[in-house]
Amino acid sequence: MHRLAIALAVVAAALGLRFGTFVASGSDSYGYVSQADLWLKRTLILEQPFNGDAPWRWANWTLSPLGYRPGDRGGTMVPTYSPGLPMLMAVFKAAGGERAVYVVVPLLGALAVWLTFRLGLAFGDPQAALLAAFALLVSPAFLFQLMWPMSDVPVLAWWLLSVVLATGGSRAHAGLSGFAAAAAILTRPNLAPLVIPIAAALVMLPPGRATHASPLPYVTREGAWRAAFFVLAMLPGPVAVALINNHLYGSPLASGYGSFSTIYAWRYAWANVVNYPVWLLQTQTPFILLALAAPVLLRRAGLAATRRLAVLGLAFSLVVLLLYLWYTPFDHWVYLRFLLPA
């Protein structure tokens, strides 16, 4: 099974490298790729020399290219996108040259497929683990985003890595899980609340990978220590985001996308409640709904600890969905990319 899972991961990387774009041809991709250059130049604030010469209103906005916005200081512009992916792209570009930035997403896509298999093994069934990895590989949302230098597949890979490490059972695994969560938060800060179900898993799951355990929650001092290690290792992520936001936008709580109220609103909820389930069923088929039955089936099988892992997994997915239910709505299925971590 492990060899087949590795083969699926290799297929994911091959698809991304063969059919993916090697051009920053859209607003998102240009924003990420060009920001990688800024990290290599050690400055995220660019001068906007023509700002004072333009006679029309809001010239500072119209002179900022896609992926950028006027800086907090007049006559400057700054990137709007989160720094995690551009920072990783900068490392690849420094090591491998211009085209290396486009290798990042295919490689992290391969890692996501492999980690899906590893997470399935935590449930104790290699066949189910392989099926899960294959289901991710053929998911339309995953395949579509695998072709673009954007943050959707990377943030999926980082959160998957955090979850898989959290099932390891030791304090070392918990700390490494925290580092992966920090990378995920740097990549997409609005998903930071996902640390809550992971911390709960570290507190409640038994040590190691035991699946035949007491039906009672396994809450011990060791579980609290694991959660503490996770939180301490995770904190550099949100702290770095706050410092970068303060540097670029004048406030730790600001973002390149605008104010909180312009991005989130309760009035958006109904459109998203309709869109996301319809898109899921259209692209994934009703097969995906079988996930909801996992806790019941595992309880009948007497796998108490594994059932808790399934419940926490569904809680993780629910948090992702809730974070986007009141997010600005869109009108095309490709925006299922927001739900990829689920």
Side-chain angles (χ1 to χ4, degrees), residues 8-40 65-69 79-93 96-116 133 135-161 183-191 255-257 263 275-276 279-280 282-284 320 324 327-342:
L8 291 177
V10 171
V11 169
L15 290 172
L17 294 172
R18 171 63 181 84
F19 298 104
T21 180
F22 278 69
V23 177
S25 55
S27 59
D28 287 8
S29 54
Y30 173 75
Y32 290 119
V33 172
S34 62
Q35 189 185 148
D37 289 333
L38 299 184
W39 282 102
L40 291 174
L66 293 172
Y68 290 80
R69 56 170 291 173
T80 61
Y81 294 106
S82 304
L85 178 58
M87 292 169 73
L88 185 58
M89 286 178 165
V91 173
F92 271 70
K93 184 171 183 177
E98 187 76 33
R99 292 173 65 84
V101 298
Y102 300 100
V103 176
V104 174
V105 171
L107 290 182
L108 288 177
L111 178 63
V113 172
W114 169 250
L115 289 172
T116 302
L136 176 64
L137 177 61
V138 300
S139 166
F142 175 77
L143 281 174
F144 189 83
Q145 294 308 127
L146 188 63
M147 309 302 162
W148 299 92
M150 294 165 58
S151 64
D152 303 281
V153 169
V155 77
L156 160 67
W158 290 126
W159 281 119
L160 264 173
L161 181 59
I185 293 169
L186 266 174
T187 304
R188 188 163 290 175
N190 68 308
L191 293 182
S255 80
Y257 297 96
I263 305 170
N275 288 339
Y276 287 129
W279 293 337
L280 275 174
Q282 287 175 340
T283 61
Q284 306 287 161
V320 176
Y324 280 108
Y327 190 79
T328 304
F330 296 90
D331 59 358
H332 198 273
W333 70 266
V334 297
Y335 287 95
L336 280 175
R337 61 191 180 91
F338 293 149
L339 303 188
L340 276 177

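For the single chain, residues carry numbers from 1 onward in sequence order.
Annotation: the span from His332 atom NE2 to Trp279 atom CH2 amounts to 8.5 Å, rounded to 0.5 Å. Going from atom CG of Leu339 over to atom CG of Leu156 covers 11.5 Å, rounded to the nearest 0.5 Å. Put simply, CZ on Phe92 and CG on Leu107 are 5.5 Å apart, with the number rounded to the nearest 0.5 Å. Between the CZ atom of Phe22 and the CZ atom of Arg99 there is a distance of 5.5 Å, given to the nearest 0.5 Å. Within the model, atoms CG of Leu186 and CG of Leu85 stand 11.0 Å from one another, a figure rounded to the nearest 0.5 Å.
Inter-residue side-chain proximity for Val113 and Val11 is flagged as unmet; no heavy-atom pair is nearer than 4.5 Å. By the 4.5 Å heavy-atom criterion applied to side chains, Leu191 and Tyr324 are counted as neighbours. Residues Phe142 and Leu336 form no side-chain contact, since every pair of their non-hydrogen atoms from C-beta on lies 4.5 Å or further apart. In this structure, Ser29 and Thr21 have side chains that are not in contact, with every pair of non-hydrogen atoms separated by 4.5 Å or more.
Of all non-hydrogen atoms in Thr116 and Leu136, the two that sit nearest each other are OG1-CD2, 3.3 Å. In terms of heavy-atom proximity, Thr187 sits nearest to Ala183 at OG1-O, 2.7 Å. Between Leu111 and Ala157, the closest heavy-atom pair is CD2-CB, 4.5 Å. A pairwise comparison of heavy atoms in Val101 and Val33 identifies CG2-CG1, 4.3 Å as the closest pair. Tyr102 and Ala24 make their closest contact through OH-N, 3.3 Å (heavy atoms, listed as atom of the first residue, atom of the second, distance). Considering all non-hydrogen atoms of both residues, Arg69 and Gly256 come closest at CD-O, 3.5 Å.
When atom types are taken as modelled, the side chain of Tyr30 and the backbone of Val23 share no donor-acceptor pair closer than 3.5 angstrom. Under the 3.5 Å distance criterion, the side-chain polar atoms of Ser27 are left unmatched by any main-chain donor or acceptor of Gly67. No donor-acceptor pair closer than 3.5 Å links the side chain of Ser139 to the backbone N or O of Ala135. Under the 3.5 Å distance criterion, the side-chain polar atoms of Ser82 are left unmatched by any main-chain donor or acceptor of Gly84.
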Carefully, step by step, assess Ser255 and Asn190 under the rule side-chain contact (heavy atoms from CB on, under 4.5 Å).
-> CA-CA 10 Å; Ser255 80; Asn190 68 308; over 6 Å; no
Could you give me the CA-CA distance, side-chain angles and deciding distance for Asp37 and Lys93, then say whether side-chain contact (heavy atoms from CB on, under 4.5 Å) is met?
-> CA-CA 8 Å; Asp37 289 333; Lys93 184 171 183 177; 2.3 Å; yes
Derivation and outcome, side-chain contact (heavy atoms from CB on, under 4.5 Å), residues Leu88 and Leu108 = CA-CA 11 Å; Leu88 185 58; Leu108 288 177; 3.9 Å; yes
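A side-chain N or O of Ser34 and one of Tyr68 form a donor-acceptor pair less than 3.5 Å apart.
Remark: aromatic rings of Tyr327 and Phe338 are close, center separation under 6.0 Å.
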Distance-only criterion, 3.5 Å: show the donor-acceptor pairs between side-chain atoms of residues 144-155 and protein atoms not counting sequence neighbours.
unit_1, atom_1, unit_2, atom_2, d
Gln145, NE2, Asp152, OD2, 3.0
Trp148, NE1, Phe144, O, 3.4
Ser151, OG, Tyr32, OH, 2.9
Ser151, OG, Arg188, NH2, 2.8
Asp152, OD1, Arg188, NH1, 3.2
Asp152, OD1, Arg188, NH2, 2.9
Asp152, OD1, Arg337, NH1, 3.1
Asp152, OD2, Arg337, NH1, 2.9

